[in-house]
Amino acid sequence: MALVLAALCAIGPLGIDMYLPSIPDMAVSFGAAEGAVQFSLMTFFVGLMLGQLAYGPLSDKFGRKPMIYLGIAVFMAGSIGCALAQSVQQLQALRFVQGLGGSIGMVIAFAVVKDVFSGAAMGRMMSLILAVLGLSPVVAPMVGNVLQGLGSWRAIFWALTVYGALTALAIALLLPETRSAADRKGFALSRTLHNYRKILCDGKFIPFALALCIGQAGFFAYIAGSASVFISQYALTPTQFSLLFGVNALGLMAAAILNPRLHRRVGALKAFRLVNSAYLVVLLLLMVYLLGGYSNLFVLSAGFFATVSLLGFIMPTGSQLALMQQREHAGTASALLGSMQFGAGAIVTGISGAMAFLGGIGLVLVMLACAAIAAVMCWTVVPRKMDL
């Protein structure tokens, strides 16, 4: 189940990561600025945000698998459109469609986990999924770079179309429906807005969700801005950047594997506070280094590796804590959490793009602001005790 759900989760991240090294070539192809192509990442995030708000409650009412098929179909349609796009404006619009479909992955995967598991087992499964999912940012940029070399950047979107079809086949053959008929029948779709308001006002959800979303927004800033920093400022080739991006993703994957051990040692709540604090300290040190006039590539790379690795602890723990108490409306709560995550990502990628002229300093500054707010929330508004 972890492998199938990770493959489903990877639809969105693959749509993000695979084309990153190709952004400069895409800009040349369209005769547009790199910033205009980067804006397609923001429209993709907006699609991810809005799609999850719909898929979550719909999956509570009609079941997980029908929504998976619908989402993958929309994702494939958007991917085909991107492959055929003739202008950067078309690309931006079609990336939004692609994001609407790709949003199905995280929301349904987490809802399935909540359907089947609880307590520590739920945390272990989420960490396992994230660990397998960690292969996506390791492999995706390198695969995208190879596809571009074999043909053009358009081959990347054709490959995403094929991936969507193979994932749908795996779901059909290997994943059972986990939402019971009784639960589907008892769910009132008309109460979706009421349920969203109820979850947003839940003190056992919103503090964890906000801290997670703001902290993870720093990760989205890294995704959006790292290619420009390493390729434009440090003169790395797209292949070198892909390898560096992949190494950092290995840190994310290793942290996700170790995360359950950390929970057993100190508990999920304490782990969430401690790791968010470490996340802030690393970025603060990196900012001091850059403001001191230093710009060594190895130091910057090591700082980003540590930061991304810490997020491998933060993301599954925050998701577990936010969803732990949402028993009745797991799909709706998962959708709301995912929507908040990608909404924060859309905002921060826009800010990161606007600060791209500052290079590495601008990127680290955005990430530092996210880490600082998340750490403060962990020590002020996140509950001190909770039934896990």
Side-chain angles (χ1 to χ4, degrees), residues 9-20 23 26 32-56 71 74-75 78-79 81-82 85 88-107 110 136-137 140 160 196 200 206 209-229 308 311 314-315 318-319 322 334-356 362-374 377:
C9 282
I11 286 181
L14 285 174
I16 296 169
D17 300 328
M18 195 176 285
Y19 88 133
L20 292 179
I23 287 177
M26 293 173 73
E34 286 188 26
V37 179
Q38 289 178 12
F39 188 74
S40 68
L41 184 60
M42 181 178 176
T43 60
F44 187 81
F45 279 137
V46 173
L48 290 173
M49 176 187 71
L50 296 179
Q52 294 199 50
L53 290 174
Y55 289 130
V74 174
F75 176 81
S79 299
C82 289
V88 71
Q89 291 80 14
Q90 289 180 8
L91 177 72
Q92 292 165 355
L94 289 163
R95 285 283 285 169
F96 171 76
V97 175
Q98 194 186 29
L100 281 176
S103 65
I104 195 67
M106 288 289 188
V107 61
F110 285 167
S136 166
L160 288 171
Y196 277 136
L200 280 170
I206 198 63
L210 285 177
L212 169 63
C213 292
I214 294 170
Q216 188 176 346
F219 182 53
F220 290 131
Y222 163 77
I223 291 174
S226 58
S228 294
V229 170
V308 173
L311 282 159
I314 291 170
M315 290 190 288
S319 298
S334 179
L336 183 58
L337 178 62
S339 182
M340 291 170 64
Q341 288 172 301
F342 288 111
I347 293 171
V348 169
T349 52
I351 296 172
S352 179
M355 299 181 66
L363 176 57
V364 174
L365 180 60
V366 174
M367 296 176 68
L368 176 60
C370 294
I373 296 171
M377 290 190 67

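Remember, predicted model here, so these are calculated numbers, not experimental data. Side chains are part of it too, since the values below use all heavy atoms of this structure and drop only hydrogens, waters and symmetry mates.
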Going by distance alone, is a donor N or O of one side chain under 3.5 Å from an acceptor N or O of the other, for Tyr222 and Ser352? no
Could you grab the distance from atom CZ of Phe220 to atom CD1 of Ile16, nearest 0.5 Å is fine? 6.0 Å
Drop me the distance from Ile373's CD1 to Cys213's SG, to the nearest 0.5 angstrom. 12.5 Å
Measure the spacing between CG of Leu212 and OG of Ser319 and express it to the nearest 0.5 Å. 5.0 Å
Check the pair Arg95, Gln98 against side-chain hydrogen bond (donor to acceptor under 3.5 Å, both in side chains), reporting the backbone distance first and the verdict last. CA-CA 5 Å; Arg95 285 283 285 169; Gln98 194 186 29; 2.7 Å; yes
Please report the interatomic distance CG(Leu48) to CG(Leu100), rounded to the nearest 0.5 Å. 8.5 Å
Under 6.0 Å between ring centres: does that hold for Phe342 and Phe44? no
Atom CZ in Phe219, atom CD1 in Ile223: separation rounded to 0.5 Å? 4.0 Å
Using only atom types and a distance under 3.5 Å, with no angle test, would you say the side chain of Ser40 pairs donor to acceptor with the backbone of Gln92? no
Does any part of the side chain of Met355, heavy atoms only, come nearer than 4.5 Å to the side chain of Leu365, both counted from C-beta? yes
If I take atom CD from residue Gln52 and atom CE from residue Met340, how far apart are they, to the nearest 0.5 angstrom? 11.5 Å
Answer whether the closest heavy-atom distance between the side chains of Phe45 and Ile347 falls below 4.5 Å. no
